[in-house]
Amino acid sequence: MSIKYIFITGGVVSSLGKGLTSASIGQLLEGRGLKIAMLKFDPYLNVDPGTMNPFQHGEVYVTDDGGETDLDLGHYYRFTKASLSRVSNATSGQIYDTVIKRERRGDYLGKTVQVIPHITDEIKSRILTCAKQEEGTQVVLVEIGGTVGDIESLPFMEAIRQFRYERPKDCINIHLTYVPYLKAAGEVKTKPTQHSVQVLREIGIMPDMILCRCEKPLAEELKAKISLFCSVPQEAVIDEKDVEQSIYEVPVDLHNQKIDDMICRMLDLKAPPSDLTEWKKMLHVVLNPKQPPVRIGIVGKYMDHQDAYKSVFESLYHGAIANETSLEIIRFESDAIEKGIEGCDGYLVPGGFGERGWEGKILAARYCRENKIPYFGICLGMQVMLVEFARNVLKLDGAHSTEVDPNTEHPIISMLSEQRKIKNLGGTMRLGAYPCNLLEKSLAFEAYGKKLISERHRHRYEFNNDYKSAFEEKGMRFTGVFEKENLCEISEIADHPWMLGVQFHPEFKSKPVSPHPLFTQFVQACLLASRANASGGAPHAAHRGG
Ligand code: GLN
């Protein structure tokens, strides 16, 4: 049977949760036993989001093969089993770059190189590459970033129009719009949806299904109105209302409106009904936590931004699910913590770049070390934990990372010689999956339950092994090592209930139905600390091997 394609576009406004919706649909189709692939197109000109500030773009999600990709791939990972790699995300920048390089090589000799057909052909070929990435793929979900009507997304729209024209039986378009409730008028308005579908039609795209983001379920008469104006059957006008408590409710809500039945019918896919047992079991735990919330502080630089630490937030929730507890996250801006950060059961310092906020993170690490409060340092969070230890335990004044102080007397964190030779900033970090060997009798080994793990990286700087024995003498344990290059990947403080840093990003590999072991163990340590705090005693040591 031919491969089927679902194109997901968005209208009216951005930030409607197209990624979440695409991931949810992917999950429902997988639940029916179909093998899916997922692809996100981003209309901006950066070759990847790696060089963008998190305020601009939110988190950069990293794949095993070292792709620096859009954060929607994080949703795809958490909701589905689709395999994700560099081919799962493409930007206009990447597409133009490929076409222009080809032009310089002379591949189009004699021709004028144009948006249509050269750019659109490249877009179409990327859809096919994604479809062929894994043998047996039956459905490809293609999400087009941006909003219909944007100048920059036009080549993508044109490409999917052509793609469907060439395969009329194998494609459908799902359009996600916003149906606002106007408080002053006391009415729900469908006009923006009508207009955005009009724009789609001008481009030559007819939606097969309209998903309406709304505050409350849409009345049937409103669905009938949208159906009539947009030429979509009423049953294919679906409401995607704001979820009550958790984004993990979305697939279930959509399934209850029979979206996956309808997609299978439209694409002539023969598949048994969706099996959501495992997901619903997880959701039950989320909605009915057995314990009062554990309070975890995150000390970072972009705390105001909803999505800058998306995967970290989600992974903490997964850790809470594994411990059947609820979770309250307290945000601390690392360059404004003069008032202190007291009051949480544990703290997490996520990844980051540059000087701003460093000293605040050092304060957080010191506070946790001295008061034996659980601390989880991720990437920069581990580097900070080690620099703090050097300054205040090893008494190495001015110890630093050469990222911030290139002339420090004690370069605890420094750049590898290979990295020093690199001039370009885009795509040149230590990126993607690397193996790591764990030391038995460590928190890390206890969490993973195996000696060899693989985790994803995105950084330039590393722990400087010249200081390793001095650290070990004072109680730092390096419990995870990338043996080939002798790089320290995990550090733990021996005389502490749970103070652990990782040079990699475990948050990219956590799912609500299979929480990452380090997040599970960290939340467990925070729970123990919260119980100890409640009973007025000293925090207990989390159960540990040695
Ligand atoms: N800035 C640090 C480095 O490049 C840490 C990066 C990160 O936290 N992702 O090594």
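Positions are given from 1 along the sequence. Atom set for the values below is all heavy atoms of this structure, side chains included, hydrogens, waters and symmetry mates excluded. Order of appearance sets the numbers: ligands from 1, and atoms from 1 within every ligand. Only a predicted model underlies this, so the values are computations on that prediction, with no experimental measurement involved.
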Would you say R430 touches ligand 1, if touching means a heavy atom closer than 4.0 Å?
->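 The answer is no: ligand 1 sits nowhere under 4.0 Å from a heavy atom of R430.
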Test item, Q383 contacting ligand 1 (heavy atom, 4.0 angstrom) =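 Judged by the 4.0 Å heavy-atom criterion, Q383 does count as contacting ligand 1.
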Short N/O distance, under 3.5 Å, between G351 and ligand 1?
->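 No - when backbone and side-chain N and O of G351 are compared with those of ligand 1, no distance drops under 3.5 Å.
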Would one find an N or O of G352, backbone or side chain, under 3.5 Å from an N or O of ligand 1?
->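 In this structure, G352 places an N or O atom under 3.5 Å from an N or O of ligand 1.
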Answer yes when E122 and R102 have at least one side-chain N-carboxylate O distance shorter than 4.0 Å, and no when they do not.
->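 Salt bridge present between E122 and R102.
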Would you call R456-D64 a salt bridge at under 4.0 Å N-O?
->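 Judged by the 4.0 Å cut-off on N to carboxylate O distance, R456 and D64 do form a salt bridge.
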Measure from NZ or CZ of K474 to the centre of the six-membered ring of F389, then state whether that distance is under 6.0 Å and the direction lies within 45° of the axis.
->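 Output no; distance or angle outside limits.
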Among F508, Y309, Y76, which residue meets the ring-ring contact (aromatic ring centres under 6.0 Å, His included) test with Y61?
->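 Result: among F508, Y309, Y76, F508 is the only option passing the ring-ring contact (aromatic ring centres under 6.0 Å, His included) with Y61.
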Determine the sole option in K310, R78, K18, K40 for which the salt bridge (Lys or Arg N to Asp or Glu O under 4.0 Å) test with D72 is passed.
->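 Between D72 and the candidates, salt bridge (Lys or Arg N to Asp or Glu O under 4.0 Å) is satisfied uniquely by K40.
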Heavy atom under 4.0 Å from ligand 1: found in R458's side chain, backbone, both, or neither?
->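 The answer is the backbone.
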Which segment of E462 sits under 4.0 Å of ligand 1 when only heavy atoms are counted |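 Neither; nothing of E462 gets under 4.0 Å from ligand 1.
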Of the protein's non-hydrogen atoms, which lies at the shortest distance from atom 4 (O) of ligand 1, and what is that distance?
->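 Its nearest protein heavy-atom neighbour is R460 N, 2.9 Å.
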Provide, to 0.1 Å, the distance between atom 10 (O) of ligand 1 and the closest protein heavy atom, together with that atom's residue and name.
->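 Looking only at protein heavy atoms, the one closest to atom 10 (O) of ligand 1 is Y461 N, 2.8 Å.
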Side chain to side chain contact (heavy atoms under 4.5 Å, CB included) assessment of F522 paired with L316 | CA-CA 9 Å; F522 171 57; L316 282 172; 3.8 Å; yes
So if I count the atoms of ligand 1 from 1 in the order they appear, which ones are less than 4.0 Å from some heavy atom of [X]?
X	value
E403	1 (N), 2 (C), 3 (C)
H505	9 (N)
C379	5 (C), 6 (C), 7 (C), 8 (O), 9 (N)

Ring centroid separation Y434 to H457 under 6.0 Å |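 Yes, ring centres under 6.0 Å apart.
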Is it the case that T21 and R213 place a side-chain donor and acceptor less than 3.5 Å from each other?
->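 Looking only at side-chain atoms, R213 and T21 do not form any donor-acceptor pair under 3.5 Å.
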